[in-house]
Engineer: 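If you scroll down you'll find the structure; I have some questions about it.
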Protein chains: 2
Amino acid sequence: MGASLKDVAARAGVSVKTVSNVVNGYTYVAPHTREKVEKALAELDYRPNLSARNLRRGRTGVIALALPELDAPYFAELSRFVIDAAAERGWTVLIDQTDGLADRERQVLQGIREQLIDGLIFSPLTVGREELAARTDNTPLVLLGERILDGPTHHVAIDNQRAAREMTEHLISLGHTRIGAIGAQDNPSANTAHLRLAGYRQALEAAGLPYDDRLTPSTRSYHRADGAEVMRRLLALDEPPQAVFCFNDLLALGALRTALSAGLRVPQDVAVAGFDDIEDGRYSTPTLTTISPDKGQIARTAVELLDARIGGTGRAARRAEGDAAEVREVEADYRLIVRESTVGTAGA
Amino acid sequence: MGASLKDVAARAGVSVKTVSNVVNGYTYVAPHTREKVEKALAELDYRPNLSARNLRRGRTGVIALALPELDAPYFAELSRFVIDAAAERGWTVLIDQTDGLADRERQVLQGIREQLIDGLIFSPLTVGREELAARTDNTPLVLLGERILDGPTHHVAIDNQRAAREMTEHLISLGHTRIGAIGAQDNPSANTAHLRLAGYRQALEAAGLPYDDRLTPSTRSYHRADGAEVMRRLLALDEPPQAVFCFNDLLALGALRTALSAGLRVPQDVAVAGFDDIEDGRYSTPTLTTISPDKGQIARTAVELLDARIGGTGRAARRAEGDAAEVREVEADYRLIVRESTVGTAGA
DNA sequence: TTGAAAGCGCTAACAG
DNA sequence: CTGTTAGCGCTTTCAA
């Protein structure tokens with residue numbers, strides 16, 4: 001075990017308190033004393049023991065980021081931003097992967113890591129309002145990506161429904177009348193999917209186009225393989241769609257692959273659009289039309305909200321303020337980005 | 001602050017020790033007592049304070065994973081495996097992003113998070129043997145991906161040079177004689193790049209092909225944009241290469257994009273190969289020939305090595321054993337995966 | 001300006 | 001089988 005405050009104090013010939021003062025940059029320390037202490041500190045290569053400090057202060061400087069899978073590019077990119085934003089506040093981020101499993105998500109809410117983390121940023125896939133309300137753990141929480149209306153917690157998300165509507169309108173404006181959607185979910189608490197589907201239907205309706213549920217097959221998850229497979233089914237229909245709106249970019253990349261290897265030209269034979277604006281879609285051939293949520297803004301906002309919730313003074317104070325503070329729902333920005341997969345310029 | 005052991009003890013009418021025994025699942029506790037305690041535990045919704053426990057035990061159950069960027073798919077995929085492997089041992093993983101910056105990497109080695117983490121898994125980009133030797137922090141460390149020979153630390157990596165040679169041989173076996181390589185690095189401590197370049201040169205030499213350094217431009221980093229840009233330069237040569245071996249898949253995807261948007265057919269006009277086997281390459285069109293390191297094995301091995309190094313008994317014991325234990329260099333498996341981008345079956 | 005000492009919540013000797 | 005008690009290293013009144 002490294003040197004402790006006591007060791008340093010002994011070596012410098014002062015009290016622990018004085019060393020502590022120096023370490024924590026308190027003001028009133030005589031220059032001479034300070035010097036002695038700093039020398040001892042350096043000689044012993046002192047490093048504060050965070051467990052002890054945390055125990056005393058009642059906070060740890062660690063927050064958790066819980067998300068379905070780190071290896072889905074959208075989450076990887078988002079994590080990057082969250083970690084950076086947290087680092088600016090001197091926080092360290094610890095990652096919890098839920099795999100989108102209901103059980104694991106519930107565990108996260110109940111605070112597996114409690115007392116180790118000062119706060120939690122959580123991107124749920126399946127848990128709903130009830131689970132949230134049932135939460136007994138009172139670690140500050142900010143939700144991401146889901147829009148659980150009137151939920152009891154801070155959250156930040158884009159307007160999924162509006163974004164989906166815009167994308168569908170884009171496809172309609174291109175003259176397509178038979179438009180598929182990939183990514184509907186059977187799970188009734190898959191909020192995001194429902195909102196995107198709702199946006200899609202709204203746009204169809206507004207344009208007077210019929211809704212055909214054969215064109216909106218649900219998928220098991222949101223990976224490339226799901227998109228590839230469902231696209232095969234869509235293309236096998238008597239009347240295949242002229243365009244497909246995929247509820248995330250991975251699905252779109254999978255769908256793209258299926259279309260291209262079937263010898264179809266994209267977008268001439270079938271247009272493909274995604275959602276999330278992951279980097280892959282900027283380099284695929286054709287490049288991918290998509291909705292680009294402002295991930296940096298989402299991350300920064302989440303961290304800020306959490307910071308406000310955690311407050312400056314440890315658990316006791318937090319509890320007092322926290323409960324009083326009202327819940328905030330922040331809507332993040334997004335943009336529709338039109339690329340080759342719907343308007344095609346390249347030779348593909 | 002939640003209920004403490006003392007609170008529970010008071011409520012159950014027993015001593016703290018007994019409660020502790022129950023919480024930690026010790027054997028000799030009278031059924032009746034246990035019952036009482038468990039009731040109190042539940043009523044008070046007791047959760048152990050990890051800071052206190054850690055302080056006492058001298059370990060935290062947290063390890064750090066330090067890597068260049070979480071949003072590079074290779075690292076995202078690797079992280080996933082590391083987090084899963086760590087979870088099996090009850091460890092939590094905290095992520096440090098270095099952005100490959102020498103300063104940040106040095107900080108990581110010097111233990112920014114010391115006393116908060118029991119161990120460190122580190123995938124360095126720039127630091128070399130000297131920095132490693134100069135390390136004063138004695139948190140157990142396992143290096144990833146780099147092969148710093150005779151280094152003072154455990155590490156796990158594939159044989160980069162051999163893998164690169166195999167890939168180059170594959171391209172040669174296809175009849176290509178003018179083969180480019182994308183991803184050389186000017187930075188002399190960019191070990192991985194040098195090894196891959198060395199493997200490439202070995203293969204050329206063995207086949208009696210000349211080495212032409214105009215065909216091996218260096219890149220600033222390993223992103224899609226770098227691959228795209230360097231590929232443009234390569235294609236602008238008087239005698240452009242018939243095939244390019246990119247030192248990672250992102251470079252390859254960028255190069256692919258450049259080639260395709262220049263109207264070239266891949267692999268007929270130019271073959272492209274990558275390294276890492278990220279998921280993108282399995283769904284790009286054409287799909288990407290690549291080297292597939294066994295990421296699961298790498299992650300599991302790293303976690304195992306760390307576990308052995310941390311030992312069962314906190315810092316004191318660790319120091320004693322640790323220094324004695326010999327350094328282990330584990331070589332992970334990899335496979336050459338041939339896909340469309342070099343042997344082309346699809347219509348692309 | 002500095003020191004002494006209490007105590008954060010927990011675990012583990014040691015007794016009983 | 002259960003209780004007492006001494007710290008782990010740190011921060012923080014309270015005094016001096």
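To find a chain, count down the sequence lines: A is the first, B the second, and so on, and within it residues start at 1.
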Engineer: Among C:dC10, D:dT2, D:dT11, which is the nearest nucleotide to the side chain of B:Asn21?
Structural biologist: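 The nucleotide sitting nearest to the side chain is D:dT2.
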
Engineer: Report yes if a side-chain nitrogen or oxygen of A:Thr18 is closer than 4.0 Å to either non-bridging phosphate oxygen (OP1 or OP2) of C:dT2; otherwise report no.
Structural biologist: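 For C:dT2, OP1/OP2 do not have a side-chain N/O of A:Thr18 under 4.0 Å.
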
Engineer: How large an angle, rounded to 10°, do the end axes of the helix from C:dT1-D:dA16 to C:dG16-D:dC1 enclose when each is built from five base pairs?
Structural biologist: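 Answer rounded to 10°: the end axes differ by 40°.
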
Engineer: Mapping B:His32 and B:Arg56 to their closest nucleotides on DNA chain D, which lands nearer the 5' end?
Structural biologist: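 Its nearest nucleotide lies further toward 5', so the answer is B:His32.
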
Engineer: B:Leu55 CG to C:dG7 C1': how many Å, rounded?
Structural biologist: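 In whole Å, C:dG7 C1' and B:Leu55 CG are 12 Å from each other.
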
Engineer: Keeping A:Ser189 on the side-chain end and A:Val127 on the backbone end, is there a donor-acceptor pair under 3.5 Å?
Structural biologist: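 Looks like no, no N/O pair under 3.5 Å.
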
Engineer: Report the distance from atom CG of B:Leu116 to atom C1' of D:dC8, rounded to the nearest whole Å.
Structural biologist: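 Answer to the nearest Å: 16 Å.
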
Engineer: Output the rounded distance in Å from CG (B:Asn24) to P (C:dA13).
Structural biologist: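 From B:Asn24 CG to C:dA13 P: 13 Å.
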
Engineer: Check the distance between D:dT11's P and A:Arg59's CZ and give it to me in whole angstrom.
Structural biologist: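 One finds 14 Å between P of D:dT11 and CZ of A:Arg59, rounded.
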
Engineer: For DNA chain D, whose closest nucleotide is more 5', that of B:Ala52 or that of B:Val29?
Structural biologist: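 The answer here is B:Val29.
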
Engineer: Between B:Leu67 and B:Ser79, is there a side-chain heavy-atom distance shorter than 4.5 Å?
Structural biologist: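 Result yes, sub-4.5 Å side-chain heavy-atom pair found.
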
Engineer: Map B:Lys17 and A:Val14 onto DNA chain C by nearest heavy atom, then report which one ends up closer to the 5' terminus.
Structural biologist: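 Result: A:Val14.
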
Engineer: What is the distance, rounded to the nearest whole Å, between atom CG of B:Asn49 and atom C1' of D:dC8?
Structural biologist: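 The answer, rounded to whole Å, is 13 Å.
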
Engineer: Starting at CG of B:Asp7 and ending at C1' of C:dG7, how long is that distance when rounded to a whole Å?
Structural biologist: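 Checked: the CG to C1' distance equals 14 Å.
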
Engineer: Has B:Arg53 got a side-chain N or O lying under 4.0 Å from the OP1 or OP2 atom of C:dT11?
Structural biologist: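 For C:dT11, OP1/OP2 do have a side-chain N/O of B:Arg53 under 4.0 Å.
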
Engineer: Rounded to the nearest 0.5 Å, how far apart are CG of A:Leu143 and CD of A:Glu329?
Structural biologist: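 It comes to 10.0 Å.
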
Engineer: Does the pair A:Asp45/A:Arg47 count as a salt bridge with the N-to-O cut at 4.0 Å?
Structural biologist: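 The answer is yes: the pair qualifies as a salt bridge.
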
Engineer: Which listed nucleotide (D:dT2, C:dG3, C:dT11) is nearest to the side chain of B:Ser15?
Structural biologist: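 Nearest listed nucleotide: D:dT2.
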
Engineer: Could you tell me whether the phosphate oxygens of C:dC8, OP1 or OP2, come under 4.0 Å of any side-chain nitrogen or oxygen in A:Asn54?
Structural biologist: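 Indeed not, no polar side-chain atom of A:Asn54 lies that close.
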
Engineer: I want to verify a distance call: between C:dT11, C:dT2, D:dT11, whose nearest atom is closest to the A:Ala30 side chain?
Structural biologist: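 Nearest to the side chain of A:Ala30 among the choices is C:dT2.
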
Engineer: Salt-bridged, A:Asp99 to B:Arg80, with N to O below 4.0 Å?
Structural biologist: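 Yes, this pair counts.
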
Engineer: Keeping B:Arg104 on the side-chain end and B:Gln97 on the backbone end, is there a donor-acceptor pair under 3.5 Å?
Structural biologist: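 Yes; judged by distance alone, with no hydrogens or angles, the pair exists.
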
Engineer: C:dT2 P sits how many Å from A:Lys6 NZ, rounded?
Structural biologist: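 The answer, rounded to whole Å, is 21 Å.
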
Engineer: Taking OP1 and OP2 of C:dT1, is either one under 4.0 Å from a side-chain nitrogen or oxygen of A:Thr33?
Structural biologist: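 So the side-chain polar atoms of A:Thr33 never come under 4.0 Å of the phosphate oxygens OP1 or OP2 of C:dT1.
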
Engineer: What distance do A:Ile117 atom CD1 and A:Asp137 atom CG have between them, rounded to the nearest 0.5 Å?
Structural biologist: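 A:Ile117 atom CD1 to A:Asp137 atom CG measures 7.0 Å (nearest 0.5 Å).
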
Engineer: Specify the separation, in whole Å, of atom CG of B:Leu50 and atom C1' of C:dG9.
Structural biologist: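 Distance, rounded to whole Å: 11 Å.
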
Engineer: Less than 3.5 Å apart, which donor and acceptor atoms pair up between the side chains of residues 6-13 of chain A and the rest of the protein, not counting sequence neighbours?
Structural biologist:
from: A:Asp7; atom 1: OD2; to: A:Ser4; atom 2: N; distance (Å): 2.9
from: A:Arg11; atom 1: NE; to: A:Glu43; atom 2: OE1; distance (Å): 2.5
from: A:Arg11; atom 1: NH2; to: A:Glu43; atom 2: OE1; distance (Å): 2.9

